[in-house]
Amino acid sequence: MSTTVAPLLVELFVEELPPKALRALGEAFAQGLADGLREQGLLAPDAVVTPYASPRRLAAHLSAVRAQAEDRAVQLKLMPVAVGLDAQGQPTPALLKKLAALGVDTAEPAALVARLRRQSDGKAEVLYWDSVVAGATLAAGLQKALDEALRRLPIPKVMTYQLADGWRNVHFVRPAHALVALHGTAVVPVQALGLSAGRHTHGHRFEAARDPIEIPHADAYAETLAREGAVIAHFGERRAEIERQLAAAAARVGGGCRPIQDDALLDEVTALVERPNVLVCQFDEAFLAVPAECLILTMKANQKYFPLLDAQGRLTHRFLVVSNITPADPSAVITGNERVVRPRLADAKFFFDQDRKRPLESRVLGLAKVVYHNQLGTQGERVERVAAIGRAIAAQLGDATLERHVDRAALLAKADLLTDMVGEFPELQGTMGRYYALHDGEDPLVAEAIEDHYKPRFAGDALPRNPVGVCLALADKLETLVGLFGIGSLPTGDKDPYALRRHALGVVRMLIERDLPLALPALLDAAVPVFGDRIRDPREALTAFIYERLHNWIESEWVHPAGPAAGREAGGSSAAAGYAKHEIDAVLALRPAQLREVPRRLAAVRAFAALPEAPALAAANKRVTNILRKADAPVQPVVDAARLVEPAEQALYRALQDVQPQADAAYAAGDYTASLQRLAALKAPVDAFFDGVMVNADDPALRANRLGLMALLHGAMNRVADLSRLAA
């Protein structure tokens, strides 16, 4: 058996792959091959897997792959001895049939019996068949791994194309034209997509030094492609080279210019070129009168250009192009890109000029003709609902001026949906509303709120800048949540077409990070009635949904005990520094109405858990909870001191009379840490009570009084959090 270990290179050469999927396809291809070879024992334990992906290839380099896997000892459990051997110790027909199915020669029964092994499985003596299975060869193992890796690729949309023979069809992301499979210097005879493996591939479509290109050794793949094919095959290296060239080109422009930061655009451009060449272009400075967001989006979305910003972060009239060719004279490429972008920018300017000819308010009536949802009415009706909810939120904050601003902002917030600019670029909704509102002379707070009411739009996005925007954003998100929950359009599994999880997290973040004195039940009470009889009351399900999002957010993203803002300020990056699940459960089990209290409650629970008395009190609280749960009827926290006959219950009652006012005072002052720490004084009397007092006494009056004492204790201990959740 060969034990040769050598590097393996597999490349699939195809037509241009979808750029937004390229990186994932490359990583999945390499990982799929590695997993398949590892399962068959062909991948060495210390092997390094390197994925390659360019617009016209998916490849993987695995640094240490065996020519053949090691043989494996197999121990196969057959059947009980009593079933497999007869009274004379000869194989029964059942045993012979089992062995024959395994491919064992059964012509010599006596020899078979000699090879059988007997061993008890704890119940009976069992027959085992021991054998050695030859390890998989690389040719067979790679074929299996390649087939499985291709089958599992995350292909966004499959193509069907015909092979050269004119008979067979292939289903793949793009037509494939060459397959390379090298183990060291040797070709591995595998096939895929109608292709047989060889050592030849193709380089850059226009600038390769030769075609085809021969890969002499698996380790020479990247270097050979770069030298002879003018291709940087590694996605990450190509991306880094683009970043380097972008920075260098910006430096050549001078004035502190820098290219706009956009990881998604950088990934997409990396997936469009095989050897990048960054060029500096420019457009007419007159276009800078158009809002920068419009110009930037036009250049990025339509042309994949990188706009240049000056030292103050303002858009300049220059932009960077990542070209896939490197001519000696780049002027034609530069001129061509400048000529292409001009009509795009001219369209943006035309839309902007046309939109400003009509006040934003004049478009509001048109929203009555735009369907929002077939069960929830039009955008016009939605505007009315958002305005009503927004006014209620401002009223809860007790600010009449804020209420007027929110009402005005709500009226105008969706009007830009009917503008030409947003019709062309839906991503600019809200942004254009702010520009047009300012142009119409609206209050700047109202204009900012129009833009900000969509925030936060994604995880980590900024919150609205001013109170008007916060109220309007809350109203908008609550209207969406209540309406869609009210008609039963809930997220299921990984499907959330209306982004309700994002909306719920936005509500949570604004209430907590803006420290708003707003109770969640009161917010829902304000939002539900505005729908009239269009919906069923969703408050119970929606409340549970919002607290679930809060729990997940704390558990996954609060990397600092003081909360998300403190975590960011401290530069925290490890979830281990955040709160444990049982700490979060303890706080959220009570569903505090004001979410802004959650960070302080969590901090209080953590401080309490550090006390030496905490484990015993948590365990006692769990016991009290169980006692009250098993009571025949709800128990009121009422105690008749005259019926306290045992010294331990009298002592516990006195301790409660002493501790509870102190804990309640701290709670009322918002000092939840002090409130919980006051409870430490209850440890000794609680322990003594459970050691010496029977709660469920035979005397009904005595039992009821002791249950009342338990209810009193339970109430005192669980105002900040459900401490029973801290019990081991």
Side-chain angles (χ1 to χ4, degrees), residues 456 459-460 463 481 491 500-516 518-521 523-524 540-570 572-611 613-622 624-626 663 666-667 670-677 679-680 714-715 717-728:
L463 298 182
L481 289 164
L500 298 185
R501 294 187 180 98
R502 175 170 59 81
H503 285 302
L505 182 56
V507 170
V508 166
R509 283 190 57 200
M510 283 185 280
L511 292 176
I512 292 177
E513 295 184 30
R514 288 290 185 261
D515 195 29
L516 297 176
L518 296 169
L520 182 60
L523 290 174
L524 297 183
E540 183 177 351
L542 182 51
T543 298
F545 180 74
I546 291 173
Y547 279 105
E548 179 187 354
R549 301 313 304 159
L550 172 57
H551 190 296
N552 293 343
W553 181 49
I554 297 170
E555 193 172 23
S556 63
E557 297 188 35
W558 283 31
V559 297
H560 191 281
R568 287 192 290 272
E569 290 168 8
S573 60
S574 171
Y579 290 103
K581 185 177 185 301
H582 64 274
E583 294 174 319
I584 305 169
D585 288 342
V587 170
L588 298 190
L590 301 187
R591 289 193 175 177
Q594 293 204 8
L595 300 191
R596 68 171 182 162
E597 296 178 354
V598 169
R600 284 179 289 136
R601 289 179 184 244
L602 284 167
V605 166
R606 172 155 290 183
F608 173 79
L611 298 175
E613 298 88 353
L617 284 172
N621 190 52
K622 188 173 184 178
V624 170
T625 301
N626 290 333
Y667 180 89
D671 190 348
Y672 299 132
T673 300
S675 182
L676 282 182
Q677 289 178 336
L679 301 178
H714 188 270
M717 295 181 69
N718 293 285
R719 293 197 69 185
V720 175
D722 180 358
L723 298 185
S724 68
R725 304 295 180 104
L726 303 180

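From a predicted model like this one, the values you see are computed outputs, not experimental measurements.
Residues P456 and G506 share a closest heavy-atom pair of CG-CA, 3.7 Å. Heavy atoms only, all atoms of each residue included: P521 and A593 are closest at CD-CB, 3.9 Å. Minimum heavy-atom separation, A604 to V720: CB-CG1, 4.3 Å. Contact record, L676 with M717: CD2-O, 4.4 Å, taken as the closest heavy-atom pair. Scanning all heavy atoms of the two residues, the minimum distance from A666 to S675 falls at CB-N, 3.6 Å. Counting all heavy atoms, side chain and backbone alike, I512 lies closest to P599 at CG2-CG, 3.8 Å.
In this structure, R549 CZ and L505 CG are separated by 6.5 Å, a value rounded to the nearest 0.5 Å. Here the straight-line distance linking atom NZ of K622 with atom CZ of R725 works out to 10.0 Å at 0.5 Å rounding. Separation of atoms NE2 (H551) and CG (L588) is listed at 6.0 Å; rounding is to 0.5 Å. Here CD1 of I584 is found 14.5 Å from OH of Y547. Values are rounded to the nearest 0.5 Å. For the atom pair L611 CG and L617 CG, the distance stands at 8.5 Å (nearest 0.5 Å). To the nearest 0.5 Å, atom CD of residue Q677 and atom CD of residue E613 are 10.0 Å apart.
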Starting from the C-alpha separation in whole Å, work towards a yes-or-no answer on side-chain contact (heavy atoms from CB on, under 4.5 Å) for L595 and V507.
-> CA-CA 10 Å; L595 300 191; V507 170; 5.7 Å; no
Go through the steps for H582 and L726 under the test side-chain contact (heavy atoms from CB on, under 4.5 Å), then give the verdict.
-> CA-CA 6 Å; H582 64 274; L726 303 180; 3.6 Å; yes
Audit row: V508, V598, side-chain contact (heavy atoms from CB on, under 4.5 Å) steps and yes/no | CA-CA 11 Å; V508 166; V598 169; over 6 Å; no
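Considering R601, Q594, R600 as possible partners of E597, the one that fulfils the side chain to side chain donor-acceptor pair (under 3.5 Å) test is R601.
Legend: residues meeting ring-ring contact (aromatic ring centres under 6.0 Å, His included) with Y667, ordered by chain and number and at least two apart, are Y672. Residues that satisfy the side-chain hydrogen bond (donor to acceptor under 3.5 Å, both in side chains) test with T673, not counting sequence neighbours, are absent from this structure.
F608 has its side chain out of reach of V605: every pair of non-hydrogen atoms, C-beta onward, lies at least 4.5 Å apart. Between I554 and V587, the closest side-chain pair of non-hydrogen atoms is not below 4.5 Å. Under the 4.5 Å side-chain criterion, counting only non-hydrogen atoms from C-beta, N621 is in contact with D722. When side chains are defined from C-beta on, L511 counts as touching L523, because their heavy atoms get closer than 4.5 Å. When side chains are defined from C-beta on, T625 counts as touching H714, because their heavy atoms get closer than 4.5 Å.
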